[in-house]
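One structure is given here, and the rest of the page talks about it.
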Number of protein chains: 2
Amino acid sequence: MSESSAAVRNTRQRSAVSALLGEMEGFHSAQDLHAMLRQRGERVGLTTVYRTLQGLADAGEIDVMRPPGGEHLYRRCSEGHHHHLVCRVCGRTVEVAGPAVESWADRVAAQHGYADVSHTLEIFGTCPTCPR
Amino acid sequence: MSESSAAVRNTRQRSAVSALLGEMEGFHSAQDLHAMLRQRGERVGLTTVYRTLQGLADAGEIDVMRPPGGEHLYRRCSEGHHHHLVCRVCGRTVEVAGPAVESWADRVAAQHGYADVSHTLEIFGTCPTCPR
DNA sequence: TGCGTTTTTGACAATCATTATCGTTGCCAC
DNA sequence: GTGGCAACGATAATGATTGTCAAAAACGCA
């Protein structure tokens, strides 16, 4: 029963992952990020990349997307809750906010007596510059 | 370059999977369904279960959900587009329709020039009968 | 109804992202 | 400076899903 002091230690590896995410555009897989770190000369283990990403995701500092392909994608995203509009051809992503959707989801869940509500929403389409 | 005649053949295995889905409530994984079929004495290969489920999903006859756990879940669902409100403890699921969400998603996508739009939305919560 | 063609099946192996393991390392508090 | 304890990381394990390919079954047509 740990009671406090989440004590997230400030390690070189955590900083490296966080910094990399800050510079990257778009979504990248854990394996991607790991490869990039090694290219930069940062010595970070793949396991640690996974752990760090999970931690950041839990803390709400990054966003996780689970595309049909089966690979988890991570991205430093703006604060607050939002969703993604993803081009299924080139992957270009637009962040979209939908306050109406948020409240709708909460309301629907409440109507059925569900508590502690969260939701996931992804929109897929073909962006203007991609051939259909 | 196949050109036509998808010619979906009517096989015993396909019927078995489809029938089973018709009787089941809630979501089940491919492996689950496979085990149930074997219990019934139906001799169906796991590979075939996967293929059949994929086919049914493509045809829009069943619904696929990809929970964080990582296992795909399949369910015979009502016609038309809808979403799911899932209890993250017991898995109890409620189908919910959200016309407002549909049109919102389409509108947002169109605003950004995205075509051929689809979306996925799942709501997670803790249902009234489950301890939090 | 019988036959040939084509799809489908299914056992098994391969794939591959993610997670567990566990000894070592290094951060942080005192 | 030093000790405790969380984080790290190389490797192995896991486990769902997909690929393979010969054999079997279904359908169309004569």
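Owing to the predicted nature of the structure, the values given are computational and were not obtained by experimental measurement. Protein chains get the first letters and strands the later ones, always in sequence-line order, with residue 1 at the start of each. Just the heavy atoms: all of them, side chains too, but no hydrogens, waters or symmetry mates, feed the values below.
- B:R12 places a side-chain N or O within 3.5 Å of a backbone atom of B:R43 that can act as its donor or acceptor partner.
- B:R40 places no side-chain N or O within 3.5 Å of a backbone atom of B:L20 that could act as its donor or acceptor partner.
- Rounded to whole Å, atom C1' of C:dA17 lies 14 Å from atom CG of A:L33.
- Neither OP1 nor OP2 of C:dT8 sits under 4.0 Å from any side-chain N or O of B:Q13.
- Separating the NE2 atom of A:H34 from the C1' atom of C:dT19 is a distance of 15 Å, rounded to the nearest angstrom.
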Sugar-phosphate or base contact per nucleotide [nucleotides 18-30 of chain D; S, B, -; heavy atom under 4.0 Å]: BB-----BBS---
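- Contact annotation: A:Q31 does not reach the phosphate of C:dC16 (side-chain N/O to OP1 or OP2, under 4.0 Å).
- No donor-acceptor pair closer than 3.5 Å links the side chain of A:H119 to the backbone N or O of A:E102.
- Between B:W104 and A:H83, the ring planes are perpendicular. Angles over 60° get that label, and only those under 30° would be called parallel.
- Here C:dA17 presents its P atom at 15 Å from CZ of A:R66, a figure rounded to the nearest Å.
- The closest side-chain heavy-atom distance from B:R92 to B:C130 is not below 4.5 Å.
- A close approach under 4.0 Å does occur between a side-chain nitrogen or oxygen of B:T48 and OP1 or OP2 of C:dG10.
- Checking side-chain atoms of A:H112 against main-chain N and O of B:C127 turns up no donor-acceptor pair under 3.5 Å.
- For the pair A:L53 CG and D:dG9 P, the interatomic distance rounds to 13 Å; values are reported in whole Å.
- Rounded to an integer number of Å, the gap from B:L37 CG to C:dT9 C1' is 14 Å.
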